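Okay, structure first, notes after.
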Amino acid sequence: MERSTIVRVHEGLHARPATRFVKLAKGFESDVELVKDGKAVSAKSSVKLMLLAVKENQEVTVRANGADAIEAIEALIGYLENPTAGLDDEDTHAPANDAGKEAAPAPQSAPAVSGEANGLRGVAASEGVAIGPAFAHFPPDIAGQGRMLQAEEIAGEIDRFRAAVAAVQARMDRALAQDSLSAGDRGIVAALRDIAADDSLTGEAEKAIKGGNDAVSATITAASTIAADFSAVDDHYLNARADDVQAVGRQICLVLLGQDDVSLENIPQGAILIADDIGAWDLARAPLKRIGGVVCGHGGATSHIAIIARSHGIPAVLGLGDKINALRTAQEVALDGNSGQVIIDPDAATRADFAGRVEAAAKERAGLTAFKTVTPKLADGRTIEVAANIGSLEEIEAAQEAGAMGVGLFRTELLFMRHMHLPSEDMQAETYAALAKAFAPYPVIVRTLDIGGDKPIAGIEFPDEENPFLGWRGIRMCLDRPDIFKRQLRALLRAAVHGNIKVMLPMVSDISEVTRSRALVDECAAELKAEGVPHATFDLGVMIETPAAVLIAPALAREVAFFSIGTNDLTQYIMAADRLNPTVAKLNDVTNPAVMSAIELTARAGVAAGIMVGMCGEAAGRPDLIPAFLKMGLTELSMSPASIQRAKKTITAMAAGE
Ligand code: PEP
Ligand code: MG
């Protein structure tokens, strides 16, 4: 018995919808299959269902055979046609590892790192000094035992494997039962648990054990086979599930071997995290308050790891390349995030020196708190707005604690990366409204989606590009995908009712990108009006991040309400030096005269047109550069919350002529 239908599940049968579908299917005794393009898979395996890569609006057939076949078909077709009926919150959470892919992998080549007497030098990525016990985060590779089992050992090995799978599932269930688990973490654990509970992985492994392989080898082979299937599907989102399968396989192997995995959860207070690479999302979920410093083989000064470290005031040295291996066995590590120096197992004199510097930095921080409530003004009476760069509502508190006069850059990417679906208009409107309310009457500048092939997002298919940083990203992608862009613009228009929302466009390099965006804003406003939905207009500005934008700044200034100079990208594009590549970190320098001239040209064009000129790149928080920027005419500086008080102090001292 079978029935066909068109799938209405938003973004297709990906992890959570697949799990929901399987849960329904398992409620029936009948054998149930889902058929697409002539290929049939069991509807009771979420891994197999995901691998069928069923997308929204595709035709599929539900086939059932058994006593309750009619009911099964009825229920499953009902779900495919109306998936939101009874949808619970869990279905909107991110699957494992999604956001860990937000930054492009850093290059493998040896970076500009020099050896020193008892230390190393890498990229100074987040200021501050730290000294503490080393916490090495190098998850080891697991190897099979490579022994063929005797026939009489097989049954026992299968029991051992099943017990390990049960232990992993139980561990995940315990994690899910914790109230303290954040919504994002819950989604990640739930997606992994689904895979651990799925017959595809366990069935494949048991088959290998029956063939005489030990359980660890069998698990590695099974996980690799299924991961390869996920990697082969032509879908970014499903490709990322390969890592989830490997992660579950790894957990099962660790239980079989009686080993514990290295987890960031257990990092001791004040420890220095040493890793070759760490996803920004992993770092964001780690107990950041306990991390004393970060040293990584990958990453550059404006990589997202660096940005997270700076926004939490964690000193960091990145881009050590292969030299990171020298830190694997370190007991204690000292690092200087201002100079990029890393010292392994410092001697007594170095230890005393660093301890003194850590203490002095703590004193400086204490002295800076007096500037939290200061509204800095220049001698000519101009108020300088010192605002925060943030990427999530969770960071509002840190920004307010620091004394932020609004938000100068709200990076909306995280909102898109955290979820398995593209975020809905309602969800976005709520997020932007919460921001606007939190900072009113100060402005909140929301940057429209700035995403490209280097940072994949579930629900947007990116082409393979040789040079993603020169490719389909930022405003270019948004204008090609008005369905996504308009959803964000409508949400912003709705949120503008609740406070002082401004909107800026990233990666602009041509006037038409502004005029086309404005036309879409007008179209969205007209739609909302016709629908009777409350909304308000907002100031539209542009980020100045490309050489083209600098060169057409006078014309751009006539089209927009403000400029915000994105020095991270502007430096990379002016200097033609990849911001993530430590090998060219020296060239990626905002103080290079070429970049400073570009900033000055931009400021001149903005000031001449009478529009606000601000800066939201990392340079905006540098006390050594702030006076020069203000002399050029900038009146807004937006930075990591950790830099705000020092910036206010710098501006106050400048006004006093110090
Ligand atoms: C910039 O490029 O300076 C900027 C602020 O944007 P992002 O770092 O998010 O690319
Ligand atoms: Mg940028």
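Keep in mind that what you see is a predicted model, and the values were worked out from it rather than measured. Values below: every heavy atom of this structure, side chains too, minus hydrogens, waters and symmetry copies. Atoms within a ligand are numbered from 1 in the order they appear, just like the ligands themselves.
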> When you look for heavy atoms under 4.0 Å from ligand 1, do you find them on the side chain of Leu570, its backbone, both, or neither?
Replying inline: neither

>> Does any N or O of ligand 1 fall below 3.5 Å from an N or O anywhere on Glu413, backbone included?
In response: no

> Hey, is CD on Gln400 packed in by over 12 heavy atoms from elsewhere, all under 6.0 Å?
Replying inline: yes

>> Yes or no: does Gln572 have any heavy atom under 4.0 Å from an atom of ligand 1?
In response: no

>> Could you identify the N, O or S atom of Glu545 positioned closest to the Mg ion (ligand 2)?
In response: OE2

>> Tell me whether Glu425 is salt-bridged to Lys486, with the criterion being a basic N under 4.0 Å from an acidic carboxylate O.
In response: no

> Taking just the N, O or S atoms of Asp569, which one is nearest to the Mg ion (ligand 2)?
Replying inline: OD2

>> Quick test of your reading of the structure: of Thr546, Asn568, Asp450, whose heavy atom lies closest to atom 1 (C) of ligand 1?
In response: Asn568

> What atoms of ligand 1 come closer than 4.0 angstrom to any heavy atom of Arg579?
Replying inline: 2 (O), 7 (P), 8 (O), 10 (O)

> Could a heavy atom of Met543 be found less than 4.0 Å from some atom of ligand 1?
Replying inline: yes

> Which residue from Met615, Arg473, Glu545, Arg447 reaches closest to atom 7 (P) of ligand 1 through any of its heavy atoms?
Replying inline: Arg447

> Given Val521 and Phe538, is the side chain to side chain contact (heavy atoms under 4.5 Å, CB included) satisfied, shown in steps?
Replying inline: CA-CA 9 Å; Val521 174; Phe538 47 65; 3.8 Å; yes

>> For Val550, run the side chain to side chain contact (heavy atoms under 4.5 Å, CB included) check against Thr602, Leu556, Ile565 and tell me which one passes.
In response: Thr602

> With atoms numbered from 1 as shown, which atoms in ligand 1 lie under 4.0 angstrom from a non-hydrogen atom of Leu409?
Replying inline: 5 (C)

> Is any side-chain heavy atom of Asn389 less than 4.5 Å from a side-chain heavy atom of Arg411?
Replying inline: yes

>> With a 4.0 Å cut-off on N to O distance, would you call Arg646 and Glu127 a salt bridge?
In response: yes

> Can you check whether Thr635 reaches Glu385 side chain to side chain, under 4.5 Å on heavy atoms?
Replying inline: no

